[in-house]
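Numbering of residues begins at 1 and proceeds along the displayed sequence. Bear in mind the structure is a predicted one, so any value in this text is a computation, not a measurement.
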Amino acid sequence: MNFDSLCKMIFDLCRKKSGNKLPDKEIESKIFALSKNELCSLIIDAGSIPESISHDSSEEKLFTKMTEILLAKSFQELGLKAETIKKRSGCADVIAKSVFHNYTLVADAKAFRLSRTAKNQKDFKVEAMDQWRKDNDYAVLVCPYFQYPKQTSQIFEQAITRNVLLFSWEHLYFMISNNILETEDFNLSSIWNQSKLLAPSITADKLQNNFINTQNANILKLLKLPDSKFASTLLESKRVMVNRSSREIDYWNNKLLEIRKYSRTKAIEELVAALKINEKIKAIQAYSDSLNEDCDGIK
């Protein structure tokens, strides 16, 4: 299975679904059965939502669920017991437990559209991750590596003060592709505890410049792998994202060509649908009707 076939499955499942329940069981069984190489080929693309998936659609919800399942599978590949958390609000996406070292962690999977440029600290939910940790030992946020802020951001200080690991799909890809596996003699807890370990050496005025680089150096030291290998992973990720960018631009260029062929009537219909005008009228009318019903009961 590659990323394109996985996205096709998402569209096919959403077309066939009945009711509001997400058809995620089939995707979960497919992902949990993946080989290591197949998993790696999906991880490196997982942080970017395809532009062909409409905002707030069933496909987008299922894609988001798919990233949670991929994250759980990634922890399994590293030697942890992991599963997605079924509760849908007020909690992280995944819980994982060490087989050998008696610790647990919660993790959240993040994916962004390449067309979305404005992200702020609330998009990363670092403070929420601290709350979602509850009685678990560690909290891990997994985002696309190159989507972390390049300018000043509160998330770095939040990660330090709340001990939330700012991790990435690229880090997971790197570890899994290099056969990292927790064993009785090899404990990964120092990876998940990086923000606490960084706290004494990263000062407030150096957070932005040094946080990610220092964390990367620490992780590579713990894994006993050279900088050059991680640099190669980041270069590979850049190439994948450049290719994805070209494909996403092609999608919108083709959409432009399609729109330019619309008749006036079709263009108006599409605009009305895009603005959700009819839905908004119905919502306001329903609210007004409820007020009238309340008024009828007042004497």
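Residues Phe146 and Leu172 share a single hydrophobic cluster, defined by chaining ILVMFWY side chains whose heavy atoms lie under 4.5 Å apart. Criterion: ILVMFWY side-chain heavy atoms under 4.5 Å apart, direct or through other members. Under it, Val99 and Ile95 are not part of a common hydrophobic cluster. In the hydrophobic cluster analysis, where Ile, Leu, Val, Met, Phe, Trp and Tyr join through side-chain heavy atoms closer than 4.5 angstrom, Leu13 is grouped together with Ile53. Tyr251 and Met241 fall into different hydrophobic clusters, where Ile, Leu, Val, Met, Phe, Trp and Tyr residues are linked whenever their side-chain heavy atoms come under 4.5 Å apart, directly or through other members. The hydrophobic cluster containing Phe32 also contains Leu42, counting ILVMFWY residues as joined when their side-chain heavy atoms lie under 4.5 angstrom apart, directly or transitively.
Taking both residues in full, the closest heavy atoms of Ile176 and Ile43 are given as CD1-CD1, 3.7 Å, listed atom of the first, atom of the second, then distance. In this structure, Ile85 and Ala92 approach most closely via the heavy-atom pair CD1-O, 3.5 Å. Scanning all heavy atoms of the two residues, the minimum distance from Ser195 to Ala159 falls at CB-O, 3.2 Å. Contact record, Ile155 with Pro149: CD1-CD, 3.5 Å, taken as the closest heavy-atom pair. Taking each heavy atom of Ser98 and Leu80 in turn, the nearest pair found is CA-CD2, 3.8 Å. Across Ser190 and Leu222, no two heavy atoms sit closer than the pair CB-CD1, 3.7 Å.
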Check against side chain to side chain contact (heavy atoms under 4.5 Å, CB included), Ser237 and Tyr173: CA-CA 10 Å; Ser237 176; Tyr173 174 84; over 6 Å; no
Pair Phe3-Ile44, side chain to side chain contact (heavy atoms under 4.5 Å, CB included): steps then yes or no: CA-CA 9 Å; Phe3 187 73; Ile44 205 161; over 6 Å; no
Test log, rule side chain to side chain contact (heavy atoms under 4.5 Å, CB included), inputs Glu68 and Lys65: CA-CA 5 Å; Glu68 298 170 15; Lys65 184 63 182 178; 3.3 Å; yes
Derivation of the side-chain hydrogen bond (donor to acceptor under 3.5 Å, both in side chains) call for Glu258 and Asn254: CA-CA 6 Å; Glu258 180 184 329; Asn254 289 331; over 6 Å; no
Lys266/Glu270 under salt bridge (charged side-chain N to carboxylate O under 4.0 Å, His left out): CA gap, chis, key distance, verdict: CA-CA 6 Å; Lys266 173 69 171 174; Glu270 290 291 322; 2.9 Å; yes
Intermediate values then yes/no, side chain to side chain contact (heavy atoms under 4.5 Å, CB included), Phe11 and Arg15: CA-CA 6 Å; Phe11 278 100; Arg15 260 195 307 271; 4.2 Å; yes
Test log, rule side-chain hydrogen bond (donor to acceptor under 3.5 Å, both in side chains), inputs Asn216 and Tyr145: CA-CA 11 Å; Asn216 287 344; Tyr145 185 88; 2.8 Å; yes
Pair Asn2-Ser5, side-chain hydrogen bond (donor to acceptor under 3.5 Å, both in side chains): steps then yes or no: CA-CA 5 Å; Asn2 59 28; Ser5 62; 3.1 Å; yes
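Within the 3.5 Å criterion, the main-chain N or O of Phe174 finds a donor-acceptor partner in the side chain of Asn178. Put simply, the side chain of Thr84 never gets that close to the backbone of Ile69: no donor and acceptor are under 3.5 Å apart. At distances below 3.5 Å, not a single donor-acceptor pair connects side-chain atoms of Lys134 with backbone N or O atoms of Cys91. Judged by distance alone, the side chain of Asp93 and the main-chain N or O of Ala107 form no donor-acceptor pair under 3.5 Å. Counting only distance, with no hydrogens or angles, the side chain of Trp169 and the backbone of Leu71 share no donor-acceptor pair below 3.5 Å.
Taken from OG1 in Thr214 to CG in Leu197, the straight-line distance is 12.5 Å, to the nearest 0.5 Å. With rounding to the nearest 0.5 Å, the separation of CD in Glu248 from OG in Ser246 is 10.0 Å. Expressed to the nearest 0.5 Å, how far CG of Leu78 lies from CG of Asn179 amounts to 10.5 Å. One finds the CD atom of Gln215 at 9.0 Å from the CD1 atom of Ile191 (value rounded to the nearest 0.5 Å). To the nearest 0.5 Å, atoms CE (Met1) and OG (Ser35) are separated by 10.5 Å. Here the CZ atom belonging to Phe167 is positioned 11.5 Å from the CG atom belonging to Leu141, to the nearest 0.5 angstrom.
A 4.5 Å side-chain heavy-atom check between Leu39 and Ser74 finds at least one atom pair inside the cut-off. Annotation: side chain of Asn187 is not in contact with side chain of Phe100 (no heavy-atom distance under 4.5 Å).
Summarising the local packing, CD of Glu83 is surrounded by 12 or fewer heavy atoms from other residues, nucleotides or ligands at distances under 6.0 Å. Within 6.0 Å of CG in Asn102 there are 12 or fewer heavy atoms belonging to other residues, nucleotides or ligands.
A salt bridge links Asp12 to Lys8: at least one charged side-chain nitrogen sits closer than 4.0 Å to a carboxylate oxygen. The pair Glu60-Arg113 meets the salt-bridge criterion, with a side-chain N (NZ, NE, NH1 or NH2) lying under 4.0 Å from an Asp/Glu carboxylate O. Under the 4.0 Å criterion applied to side-chain N and carboxylate O atoms, Lys282 and Glu279 are not assigned as salt-bridge partners. Between Arg133 and Asp130, at least one side-chain N (NZ, or NE/NH1/NH2) sits under 4.0 Å from a carboxylate O, which counts as a salt bridge. Salt bridge Glu28/Lys86: present, at least one basic N to carboxylate O contact under 4.0 Å. A salt bridge links Glu77 and Lys73; the closest N-O separation between the charged side-chain nitrogens and carboxylate oxygens is under 4.0 Å.
If you check the side chains of Thr183 and Asp185, you find no donor sitting under 3.5 Å from an acceptor.
Checked against the 6.0 Å centroid threshold, Tyr148 and Phe156 do not count as a close aromatic pair.
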